[in-house]
Amino acid sequence: MADRFPATFLQEWYADAHDSGWSDLAVAIPVRLAPGHDERHVRQALADLTARHEALRTTLVRTEQGLRQEVAATGTIPCTVAARAEPRPFEVCGGALAGAVLERDLAGGVLVVYAHHAICDGWSAGIIHRDLTELCEARRDGRPPRLPELALQFADFACWEHEIRRRPVPRYWRDRLGDRPRLRLDVDPAALGRPARLHETSLPSVPPHSARALAALAASLRTTRSRLLGALVVATLRPFADDRVRIGLIASNRHRPELRDTVGDLWDQLPVTVDVSGEPTLSELATRYDGEVTAAQDHHVPLAVLAPLLGPGPLFDVRVNHFPDTVPDDDVRVRPRPHVVDRWWPGLALIDFQFRDRADGGVDCHLLVNVAAVPAERIDAITARFAEVVAAVAQPVGGRC
């Protein structure tokens with residue numbers, strides 16, 4: 001038996017993003033296995049993980065009522081043994097949305113779980129890594145696992161979102177999103193009607209000494225380092241804007257305590273519009289950005305509610321995504337590969353700034369770019385500008401940016 005629940009706003013796009021019905025928009029979660037694990041323990045732990053998180057036994061099905069999530073009563077993540085884990089596409093509608101590969105080596109091996117974005121986001125990857133590590137150790141040691149109780153499952157979130165999408169758009173957002181500032185990205189409008197080619201490119205990293213300077217500045221401004229990273233993006237974009245910049249700030253919905261241990265695709269986007277007029281310092285931009293983010297969070301509703309006010313075309317030229325490192329072992333990290341999206345979704349930004357915390361205190365920085373629409377020259381210019389802004393971080397506060 002299986003239970004059916006509404007599909008989320010994001011799942012509706014995932015189901016239609018590829019003409020073939022197969023998609024490689026997945027999250028890879030490598031788990032380093034200590035010596036002493038055998039294959040039986042690993043498979044038992046995967047079954048335990050699937051029993052704990054409904055999202056990992058969910059499929060998407062098309063019905064007369066539209067797309068639905070179907071949650072099986074039982075199941076496990078299929079696992080193969082191979083010399084090397086390679087990502088594989090998922091059949092989004094009707095197929096399993098999670099799989100695993102066990103790599104063997106003399107040190108114990110690596111178990112790599114692949115979960116499609118329809119059921120897993122970056123925060124969820126950290127939950128899966130934590131839970132699977134503990135479940136493997138519990139099976140190996142023959143003891144009960146030590147994990148927190150789950151307050152909600154992903155289907156609970158989907159039902160909440162389905163209900164709130166029926167409500168009127170709040171007045172705050174109707175007033176706030178009346179017009180839309182655009183960046184000068186030299187985008188070919190016709191390219192937005194063609195398949196998107198998403199490529200990741202590296203930006204200059206934020207070294208530990210600059211990250212410490214960011215932390216000090218955050219403390220002095222009573223904000224967070226995550227928000228200061230967003231301010232770095234705003235400072236980077238200022239030469240390519242008029243007097244305002246609007247970005248989509250990736251939010252995880254994890255500010256709700258009951259969702260902090262829930263596996264699912266819970267990420268959302270907050271529209272944040274920042275005044276960049278004049279010659280502001282980084283501190284001034286950070287203060288403006290902080291105030292806008294706070295107001296957006298105070299009036300938060302799902303992007304599914306706001307999308308009609310933001311279209312047509314891309315809802316945002318640029319997004320900002322900062323997340324902690326979910327996998328502590330750099331030697332087993334699985335990097336994303338370039339991929340093609342046949343059906344452009346307006347919630348996809350043309351340029352996505354991604355920040356990942358490092359163990360040494362620094363921050364790895366990347367761009368995820370639709371290279372079918374954004375010229376390489378513009379990306380080079382943005383990359384060079386970002387390098388200038390990062391280099392200025394460690395300088396005395398107060399200089400223009």
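Throughout, numbering of the chain's residues begins at 1 and tracks the sequence.
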Query - Check: Glu103 and Val112 side chains under 4.5 Å, non-hydrogen atoms - result: yes
Requested in this report: Could you tell me whether Arg88 sits above the aromatic face of Phe90, with NZ or CZ closer than 6.0 angstrom to the six-membered ring centre and within 45 degrees of the axis?
Outcome: yes
Query raised in the report: Partners of Arg222 by side chain to side chain contact (heavy atoms under 4.5 Å, CB included), sequence neighbours excluded?
Result: none
Query raised in the report: Is any side-chain heavy atom of Pro302 closer than 4.5 Å to a side-chain heavy atom of Phe9?
Result: no
Requested in this report: Indicate yes or no: does Arg140 engage Asp38 in a salt bridge with an N to O separation below 4.0 Å.
Outcome: no
Report task. Assess the side chains of His162 and Arg166: does a donor N or O sit below 3.5 Å from an acceptor N or O? Result -> yes
Query raised in the report: Is any NZ, NE, NH1 or NH2 atom of the basic residue among Arg62 and Asp16 found under 4.0 Å from an Asp or Glu carboxylate oxygen of the other?
Result: yes
Query raised in the report: Is there a donor-acceptor contact under 3.5 Å from the side chain of Trp13 to the main chain of Arg343?
Result: yes
**Report entry** Ile351 side, atom CD1; Leu183 side, atom CG - distance, nearest 0.5 Å
**Finding:** 8.0 Å
Query raised in the report: Under 3.5 Å, is there a donor-acceptor pair between the side chain of His299 and the main chain of Ala295?
Result: yes
Query raised in the report: Quick one: are Pro208 and Arg212 in side-chain contact, heavy atoms under 4.5 Å?
Result: yes
Query - Flag, side chain of His53 to backbone of Leu56, donor-acceptor distance under 3.5 Å - result: no
Query - Given Gln69, Glu70, Gln65, the one that forms side-chain hydrogen bond (donor to acceptor under 3.5 Å, both in side chains) with Arg4 - result: Glu70
Query raised in the report: Can Thr74 and Arg57 be said to form a side chain to side chain contact (heavy atoms under 4.5 Å, CB included), step by step?
Result: CA-CA 7 Å; Thr74 60; Arg57 43 191 161 89; 6.0 Å; no
Query raised in the report: Is it true that a side-chain atom of Asp342 and a backbone atom of Asp19 form a donor plus acceptor pair closer than 3.5 Å?
Result: yes
Report task. In sequence, state the C-alpha distance, the side-chain angles, and the governing distance for Val110 and Leu33, and then conclude on side chain to side chain contact (heavy atoms under 4.5 Å, CB included). Result -> CA-CA 6 Å; Val110 175; Leu33 300 175; over 6 Å; no
Query raised in the report: Does the side chain of Asp243 come under 3.5 Å of the side chain of Ser277 through a donor N or O and an acceptor N or O?
Result: no
Requested in this report: Verify salt bridge (charged side-chain N to carboxylate O under 4.0 Å, His left out) between Arg182 and Asp242, making sure each step is shown before the conclusion.
Outcome: CA-CA 8 Å; Arg182 307 299 299 184; Asp242 293 324; over 6 Å; no
Query - Any side-chain heavy-atom pair of Gln153 and Leu150 under 4.5 Å - result: yes
Query raised in the report: Just how far is it from atom OG1 of Thr236 to atom CD1 of Ile382, taken to the nearest 0.5 Å?
Result: 8.5 Å
Query raised in the report: Quick one: does Leu152's side chain get under 4.5 Å of Leu259's, heavy atoms only?
Result: yes
Query raised in the report: How long is the gap from CZ on Phe353 to CD1 on Ile247, to the nearest 0.5 Å?
Result: 9.5 Å
Query raised in the report: So, are Asp175 and Arg171 salt-bridged, with charged N and O less than 4.0 Å apart?
Result: yes
Requested in this report: Could you tell me whether the side chains of Arg254 and Ser124 share a donor-acceptor contact shorter than 3.5 Å?
Outcome: yes
Query - Spacing of Leu203 atom CG and Leu367 atom CG [to the nearest 0.5 Å] - result: 3.5 Å
Query - Residue pair Val27 / Tyr114, side-chain heavy-atom distance below 4.5 Å - result: no
Query raised in the report: If you measure from CG on Leu147 to CG on Asp261, what distance do you get to the nearest 0.5 Å?
Result: 8.5 Å
Requested in this report: Give the ring-plane orientation class for Phe157 versus Phe154, where under 30° counts as parallel, over 60° as perpendicular and anything between as tilted.
Outcome: parallel
Query raised in the report: Any side-chain heavy-atom pair from Arg143 and Glu137 closer than 4.5 angstrom?
Result: yes
**Report entry** Check: His18/Asp24 side-chain N/O donor and acceptor closer than 3.5 Å
**Finding:** no
Query raised in the report: Who are the ring-ring contact (aromatic ring centres under 6.0 Å, His included) partners of Tyr14, not counting sequence neighbours?
Result: His116
**Report entry** Stacked cation flag Arg256 on Trp160, 6.0 angstrom / 45 deg
**Finding:** yes
Query raised in the report: Can we say Arg130 and Glu134 salt-bridge, meaning some charged N sits less than 4.0 Å from an Asp/Glu carboxylate O?
Result: no
Query raised in the report: What pairs of residues pass the salt bridge (charged side-chain N to carboxylate O under 4.0 Å, His left out) test when at least one of them lies in residues 346-355, not counting sequence neighbours?
Result: Arg319-Asp352
Query raised in the report: Below 4.0 angstrom, N of the basic side chain to O of the carboxylate: do Asp275 and Arg238 qualify?
Result: no
Requested in this report: Enter the distance from Thr273:OG1 to Glu292:CD here, rounded to the nearest 0.5 Å.
Outcome: 6.5 Å
Query raised in the report: For the side chain of Arg227 and the backbone of Asp290, is there at least one donor-acceptor N/O pair under 3.5 Å apart?
Result: yes
Report task. Side-chain contact test, heavy atoms from C-beta onward, threshold under 4.5 Å: evaluate it for Thr59 versus Val61 and give yes or no. Result -> yes
Report task. With Ile250 as reference, evaluate Asn321, Val320, Asp121 under the side-chain contact (heavy atoms from CB on, under 4.5 Å) test and give the passing residue. Result -> Asn321
